[in-house]
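Here the structure is laid out as structure tokens; the discussion comes afterwards.
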Amino acid sequence: MRTIRAGEGDQRQLLLSRWTRGFLGSMPVTASSFRRRIRRLPRCLLRCPDYLREEFMQDQEIAQAVAGLDPEAQRLYRIRHSLAHVLAQAVLSLQPTAKLGFGPPVENGFYYDFDLEEPITAADLPKLQKKMKEILRQKQSFTRTELPADQAIEKTTAMGQPYKVEASSDLRAKGVEVISFYENGPFTDMCEGPHVETTKEIPEDAFLLDSIAGAYWRGSEKNKMLTRIYGLAFARKEELDDYLARRKLAQERDHKKLGRELELFHIEEEIGKGLILWLPKGTVLRDEVEALAKEFEFRYGYERVSTPHITKQELYYRSGHLPYYKESMFPPMEVAEDDSRAMEGDAPGEAAGARPKEVFYLKPMNCPHHHMIYKHRPRSYRELPVRLAEYGTCYRFEQSGELSGLLRVRCLTMNDAHIYLTRAQALEEIRTILQMYREIYAVFDFTRYRFRLSLHDPARTEKYHDDEDLWREAEAVLKEALEREGVEYYVGEDEAAFYGPKIDIQFRNLLGREETVSTIQYDSVAPNRFDLTYVDEHGQEERPVVLHRAPLSTHERILSYLIEHYGGAFPTWLAPIQVRLITVSDELLPYAEELRGILRAEGVRAEVDLSPHSFGKKIRNGAIEKLPILLVIGKKEAEERAVTVRRYQIEQQDTMPFAEFHNLLRDEIRTRRHVRPA
RNA sequence: GCUGGCGUAGCUCAGGGGUAGAGCAGCGGUUUUGUAAACCGCAGGUCGGGGGUUCGAAUCCCUUCGCCAGCUCCA
């Protein structure tokens, strides 16, 4: 039985493992489990950048597996890949001097990168698309030719395609002997393939040039930025339409849009980018999520702490954030007692005298503070694990282009905790953390996530600490915890933190983008840097291990997911307004207000609609605001001390005694039950 | 940070050289209503900011800020 293992050292294997482990899952992977999972491979292939795919396809076993993919997936792959060539052909016909980068198939379609003399804008896309359709109608056939690497380099040079020259030279440098070309009509491209036989196979109405964006050549910031044209492509028109409809639906649920419409949060230019103003309703969401976290953490033996937002630079030299992490931190504040009130514009030093200034930073993380709490007195092995939890607010100077709604911000509040324990306790504790994570996810019915074991790359000494023994131990513990808990996971090579490996939980949002939401990190560095100790049963001082964990991420990030996950229609326990009472006429208001009083006395977020609108309008407003429960009160209900319960998007309405409703509601909120349309 | 696109009323959007518009929301009246929009009226904008071209700029040019998408980054 052949076993494919990650991290076999050579570069190719590393690349391979990086892009395939997600689909191969737990390692080592046996041939049988490999075959079982191979069905999921196409997506991986499609998401894999072109230059890595070449590496990827050279693995015999994988290449064969791909060849054995279901014919439909293969066909789609060929269509998308061929459309990329057709796009390049169309671009060249408009701009013969365009230089070609890579043009691979990707999830939902394809792209091609161009170095253009004349910029192309979105307005040019219809023209290009028309040209592509003309090309398709020409029924051009694709023919493959193979050349020895040397000749391939000559050929690409003769073609006047410098990027292809670079790519072919690199392939030769890696020992590739034969390089293939595909020719269709007047167009030739260096390409691994495979392609359709002729453009006839490509349906004219199932693709669409979608967007234009910049992309660095070979994905490196140091290289020139090329123009990338994205296209959507499917095997049938209905699939394209279906995808477009799904995307439109996803856009309707965009947390930025819902955040504005439902008055959850606001970003004010005058306050600063990436700095969120949480409106009253959004603050309820934060508070409820926080209450959930505190409940779990109490149950799992955490103690809460609280730490300041600014701290002297000395702490960050000790932690190693300075100078290493400096570019992600807000610039320092220099303060001297004498000039702390000095106005901007005063001559520097004038008021300060000779007194040395203190330098403060906004904290980018909570860990250093928690470490100081741990070490404020000697610790005994008897009290380990010590679990310190804080919803800590941190400030990070993220690159401006990275900021996006709630997903990437500059002020964030983390569901943070640090666990201090002996090395022997680590495995059990990590298993317990994993259990807690899964319990928490179950509350929200999360399904679009996967676990990633994020390991270090021993070759990148500049990125990681250099104690290989510690790496081995830490990576083994995380891996074993995952396996003992029966968690499906994949391996992310070169995804560790500098201080240790991690288990990251990758969530996929509605538009398919994946982000780390939760994390569990094994820190082998902090204990030394902070000189953390405990006294063991023999009276010896020992180093504890530190685990960082954040199941509920940051308020900002988890709420961006929750808003999209629920499409703004939150379950009752989470909803900013849980119950709105709507009266058929004003004379019933006193009854409604009495019920509201009863509910609010118990902490239920209930309100009476006192607006001057018509009854119908009040119902409509309640629906637009996506409130989970509207209580309709007419004469009939008032006489019987009843209510009519109307739930969001549930047609069936029930009239019941208020007391009965009250019991149901109490239970629904306590158990955090989500009542949804069937 | 880079590339491209976009900034008009609280929101969604029209207007593309000749003094700024609609719907919704808001406010004031009238209406007292049984399940997704009652009626009438009022108010609301340095057209993101700054500079330029022009007799005249929301409109053309430059610059700056912000937003969006992608790329890069993400302890």
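Quick note on labels: first sequence line is chain A, next is B, and so on, each numbered from 1.
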Please state whether the base of C74(B) and the side chain of R408(A) form at least one donor-acceptor pair under 3.5 Å?
-> yes
In the strands shown, is C13(B) matched to any nucleotide by a Watson-Crick or G-U wobble pair with both distances under 3.5 Å, and which?
-> G21(B)
For G320(A), which contact category applies under a 4.0 Å heavy-atom criterion: base, sugar-phosphate, or nothing?
-> base
Begin from the C-alpha positions of K363(A) and T307(A) and carry the test side chain to side chain donor-acceptor pair (under 3.5 Å) through to its verdict.
-> CA-CA 10 Å; K363(A) 73 171 165 183; T307(A) 62; 2.7 Å; yes
With a 3.5 Å cut-off and no angle check, do the side chains of H255(A) and E556(A) form a donor-acceptor pair?
-> no
When rounded to the nearest Å, what value does the distance between P atoms of U32(B) and C47(B) take?
-> 44 Å
Of H321(A) and I267(A), whose closest RNA chain B nucleotide lies nearer the 5' terminus?
-> I267(A)
Single hit among H548(A), H371(A), R387(A), Q521(A) for side-chain hydrogen bond (donor to acceptor under 3.5 Å, both in side chains) with H418(A) = H548(A)
Gap in Å between the two C1' atoms, one belonging to C11(B) and one to G7(B), rounded = 15 Å
When R580(A), R596(A), K618(A) are each screened for salt bridge (Lys or Arg N to Asp or Glu O under 4.0 Å) with E607(A), the one that passes is R580(A)
Identified pairing partner of A43(B), criterion: Watson-Crick or G-U wobble below 3.5 Å | none
Rounded to whole angstrom units, what separation is found between the CD1 atom of I229(A) and the C1' atom of G70(B)?
-> 13 Å
Complementary nucleotide of C6(B), counting Watson-Crick and G-U pairs under 3.5 Å = G66(B)
Carboxylate-amine/guanidinium contact R646(A) D654(A), below 4.0 Å | no
Under 4.0 Å protein heavy-atom contacts per nucleotide of nucleotides 32-38 of chain B, with B for base, S for backbone only and - for none | BBBBBBS
Do the side-chain N and O atoms of S220(A) and R218(A) include a donor-acceptor pair separated by under 3.5 angstrom?
-> no
Classify the ring geometry between H309(A) and Y395(A) as parallel (under 30°), tilted (30 to 60°) or perpendicular (over 60°).
-> tilted
Electrostatic pair K257(A)-E261(A), nearest N-O below 4.0 angstrom = yes
Here the distance between atom P of C6(B) and atom NZ of K256(A), to the nearest Å, is 19 Å
Polar contact flag, side-chain donor to acceptor under 3.5 angstrom, D504(A)-T516(A) = no
Confirm from the modelled atom types if E327(A) and C73(B) form a donor-acceptor pair under 3.5 Å, side chain to base only.
-> no
Complementary nucleotide for A57(B) - Watson-Crick or wobble, under 3.5 Å = none
Ion pair R641(A)/E594(A), N-O distance below 4.0 Å | yes
Sugar-phosphate only, base, or nothing, as touched by H548(A) at under 4.0 Å among non-hydrogen atoms | nothing
Show your working on side chain to side chain donor-acceptor pair (under 3.5 Å) between Y464(A) and D494(A) and close with a plain yes or no.
-> CA-CA 9 Å; Y464(A) 302 111; D494(A) 197 22; 2.5 Å; yes
Between U19(B) and A58(B), how far apart are the C1' atoms? Round to whole Å, please.
-> 12 Å
Classified by glycosidic angle (syn within 90° of 0, else anti), G44(B) comes out anti
Whom does U35(B) pair with, Watson-Crick or G-U wobble, provided both distances fall under 3.5 Å?
-> none
Answer with base, sugar-phosphate or nothing: what part of the nucleic acid does G272(A) contact at a heavy-atom distance below 4.0 Å?
-> nothing
Side-chain atoms of Y230(A) come closest, of G70(B), U72(B), C11(B), to G70(B)
Could you go through the side-chain contact (heavy atoms from CB on, under 4.5 Å) check for L581(A) and L595(A) one step at a time?
-> CA-CA 8 Å; L581(A) 296 110; L595(A) 300 189; 3.9 Å; yes
List every contact pair, protein side and nucleotides 39-42 of chain B side both N or O, where the distance is under 3.5 Å.
none

Pick the P atom in C61(B) and in U54(B), then give their distance to the nearest Å.
-> 16 Å
Between U59(B) and G18(B) - P atom distance, rounded Å = 11 Å
How far does the C1' atom of G26(B) sit from the matching atom of C68(B), given to the nearest Å?
-> 29 Å
Have a look at R396(A) and say if it touches a base, only the backbone sugar-phosphate, or nothing, with a 4.0 Å heavy-atom cut-off.
-> sugar-phosphate
N-O pairing of R460(A) and E462(A) below 4.0 Å = yes
Identify each atom pair where a protein N or O and an N or O of nucleotides 43-51 of chain B are less than 3.5 Å apart, giving names and distance.
none

Could you measure between the two P atoms, the one in A20(B) and the one in A57(B), and give it in whole Å?
-> 11 Å
